[in-house]
Amino acid sequence: MANPTPSQRAWQRFRQNRPAVMSAWFLGLLVVGVLVWPLCLKLGGEPFARAHRPDQITDHQFWPPNAINWCGTDVHGRDEFSRILYGAQISLLVGAVGAGVSLVIGVLWGAVAGYVGGRLDSAMMRLVDILYSLPSIIFVIVLITSLEGLLKNWLAAMGSPALANSARLIFLFVGLGAVSWLTMARIVRGQVLSLRSRPFVEASRGLGAGPLWILRRHILPNVLGVVIVYLALTVPAIILYESFLSYLGLGIQPPMASWGSLIAEGAEHINPLRIYWWLIVFPGGLLVTTLLALNFLGDSLRDAWDVRSGN
Amino acid sequence: MYFLRRLLALVPLLLVISFLAFALVRLTPGSPFDRERKPESPEIERAIQAKYHLDEPFLKQYLRYLSGLLHGDFGPSLKYRNHTVADIIKQALPVSLMLGVVAFGFAMGVGLPLGFITAARRGGWPDYAGSFFAILMVCVPALVMAPVLIMVFGIKWRLLPVALWLSPWHLVLPVAALGLSFAGRIARLLREGMLNTMKSEYITTARAKGLSENAVLFKHAFRLAVLPVVSYAGPLLADLLTGAFVIEAIFQIPGLGTHFVNSSLNSDYTMTVGLALLYAALLVGMNLLVDVAYTWLDPRVKYE
């Protein structure tokens, strides 16, 4: 390659970073495992499914890890391994939703504010500043609490508990989505603001290009690196928020599970007589490993795209 | 002068926050008394509504709440009927502050030396071991760290109490569980700051003057390298306060976090809004302090 584009150069640098590549493999395998495991349960035959179904209540309570229940069983004799993989669905989905919101709303918000400038810019960024100055988790808790009131009314109207549970899940996504785009909007706005007055953009404008064309053709490709880096750093933060809320009982409600609620269940059964370490170590270990992998990935992407840590 | 203006700017900010919180909580349907037994008659229900002014128009409720706030009155708790929110804050705030301040000190006390050593011995084994420890700590959230510490130190070895808030010994596990991940973050920030600073020309000058390596590191590099840590102190305090929710829940510490989470679970609206406001005020106040510390440490920084 005589003249690699910035993306190609970043990709080359990324490939040479061994911890980052290992992290990417780990995350890929985790996603595959989460997707394939339900299939295994379906195809593995009745005895296999009976031992591993995440909501199958048995009388094997608090079995330590063994040949059948690889991560032991919980208070209701449910297979912990299966529950962790099912919990991963929620935890990873929340991360993906946070990334999606910060990609769509954050990038658009920042790009429009930075490009249009003037009064619209100050109005839009003032809102971001206010939301930013609130401690985000407190904001999310207040939001979820007030949405809960809405939920109660719906319930009275329709009276379906299954619907209530999925509504609660959506509220959790809304709440976490609401805080996930703020950093992205700020960063993108700053980048767009500096790009807007660069000579090549002025030249394009001078040649008669419209604002949409300039945004799409000149501005967005140039903020791509920053956007990718902050996406990679948003995901672990959102996953952590979700486990935090679910741990406190404000997030996922049983019988659904996420890593946070699984750890909370394990912590509930800590007692001085017997130590059920597998209920903490396995979900906690997977959470920690995932966060570690995502952070390695984010750091190496930052190095690869050579993004300066702004503030 | 600048800080005076910042201080004044806090007033509208807090007003906006209080309005947002109040509106969010009040305008969504559902009454705080929904979870209780239905009152015997509509008259009783109306009486309860009137007692807590829930029957008034929204703006009037908000103004009433604001004027109460000016007198330090956060209103009555809707769940603990005999206590006002201010009462509960008075009991819980010292506990939370104590936990937060000690954890902050712990995070600095572990993180700064760790960052300094990894930077001073970069490339050597203390750097690899220390840096790995630091990033591991960053990725172990308090909700994982706390149960593990309890199982190991509290139950397996029976060295430390596992819950409650009685003696200084009861502080050890909560503080460690809360502070370690921040210690890791501080260490990483300081290491990066030191490595960046060591490249600057004034360090070469200091070396050329014949100063010992220790003097260069301590007197010249550290002072500038610690600045990223100082600017992180604002978000750090915010995360400490909210991280304490989990710690207070698991160690059964009667602090603000416990009350905030419970108020949210019980739809105790006045409590939720009051505590959210208190948290917001604490945070913007501390961010201001951080900025003051910043100008004091780095005279080149001038806020205009």
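So you know, we letter chains A, B, ... as the sequences are listed, proteins then strands, and number each from 1.
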Visitor: I want to check something: taking the side chain as every heavy atom from C-beta on, are B/Ile135 and A/Phe296 in contact at a cut-off of under 4.5 Å?
Guide: yes
Visitor: Side chain, backbone, both or neither: which part of B/Tyr232 has a heavy atom under 4.5 Å from chain A?
Guide: neither
Visitor: Quick one: which residues of residues 147-156 of chain B reach chain A at under 4.5 angstrom, heavy atoms only?
Guide: B/Pro147, B/Val148, B/Ile150, B/Met151, B/Ile155, B/Lys156
Visitor: Less than 4.5 Å to any heavy atom of chain B: does that hold for the side chain of A/Tyr247, its backbone, both, or neither?
Guide: side chain
Visitor: So, do B/Leu241 and B/Leu256 sit near enough that their side-chain heavy atoms are less than 4.5 Å apart?
Guide: no
Visitor: Using 30° and 60° as the class boundaries, would you call the ring planes of B/Tyr62 and B/Phe19 parallel, tilted or perpendicular?
Guide: perpendicular
Visitor: Counting only N and O atoms by type, is there a donor-acceptor contact under 3.5 Å from the side chain of A/Glu80 to the main-chain atoms of A/Gly72?
Guide: no
Visitor: For residues 18-28 of chain A, run the donor-acceptor check on the side chains, cut-off 3.5 Å, and write out each pair with its distance to 0.1 Å, sequence neighbours left out.
Guide:
residue: A/Ser23; atom: OG; partner: A/Pro19; partner atom: O; Å: 2.7

Visitor: Taking side chain as C-beta onward, heavy atoms only, is B/Arg191 less than 4.5 Å from B/Ser131?
Guide: yes
Visitor: Side-chain contact test, heavy atoms from C-beta onward, threshold under 4.5 Å: evaluate it for B/Leu277 versus B/Tyr65 and give yes or no.
Guide: yes
Visitor: Please classify the contact between B/Val16 and chain A as side chain, backbone, both or neither, with a heavy-atom cut-off of under 4.5 Å.
Guide: side chain
Visitor: Can you say whether A/Ser243 sits under 4.5 Å from chain B via the side chain, the backbone, both, or neither, judging by heavy atoms?
Guide: both
Visitor: Select one option (side chain, backbone, both, neither) describing which atoms of A/Ile141 are under 4.5 Å from chain B's heavy atoms.
Guide: both
Visitor: Tell me which of these, B/Leu283, B/Thr272, B/Leu136, has more heavy-atom pairs under 4.5 Å with chain A than the rest.
Guide: B/Leu283
Visitor: Answer with side chain, backbone, both or neither: which region of A/Asn271 has an atom nearer than 4.5 Å to a non-hydrogen atom of chain B?
Guide: backbone
Visitor: When heavy-atom pairs shorter than 4.5 Å are enumerated against chain A, which of B/Thr242, B/Val138, B/Leu143 gives the highest number?
Guide: B/Leu143
Visitor: Counting only heavy atoms closer than 4.5 Å, note whether B/Ala276 contacts chain A via side chain, backbone, both or neither.
Guide: both
Visitor: Side chains of A/Trp109 and A/Leu182, heavy atoms from C-beta outward: is any pair under 4.5 Å?
Guide: no
Visitor: Considering only heavy atoms from C-beta outward, does the side chain of A/Met184 approach that of A/Leu231 to under 4.5 Å?
Guide: yes
Visitor: Heavy-atom distances under 4.5 Å only: say whether A/Trp259 touches chain B with side chain, backbone, both or neither.
Guide: neither
Visitor: What option among A/Leu248, A/Ile137, A/Ile263 has the most heavy-atom pairs under 4.5 Å with chain B?
Guide: A/Leu248
Visitor: When heavy-atom pairs shorter than 4.5 Å are enumerated against chain A, which of B/Val261, B/Val246, B/Val273, B/Val140 gives the highest number?
Guide: B/Val246
Visitor: May I ask you to test the A/Leu279-A/Glu265 pair for a side-chain heavy-atom distance under 4.5 Å?
Guide: no
Visitor: Please flag which part of A/Leu292 lies under 4.5 Å from any non-hydrogen atom of chain B: side chain, backbone, both or neither.
Guide: both
Visitor: Are the side chains of A/Phe14 and A/Ser300 in contact, using a 4.5 Å heavy-atom criterion?
Guide: yes
Visitor: Can you find a side-chain donor-acceptor pair between A/Ser102 and A/Ser180 that sits under 3.5 Å?
Guide: no
Visitor: Counting only non-hydrogen atoms closer than 4.5 Å, does A/Leu287 touch chain B with its backbone (N, CA, C, O), its side chain (CB onward), both, or neither?
Guide: side chain
Visitor: Please check if atom CZ in A/Arg13 has more than 12 non-hydrogen atoms from other residues, nucleotides or ligands closer than 6.0 Å.
Guide: yes
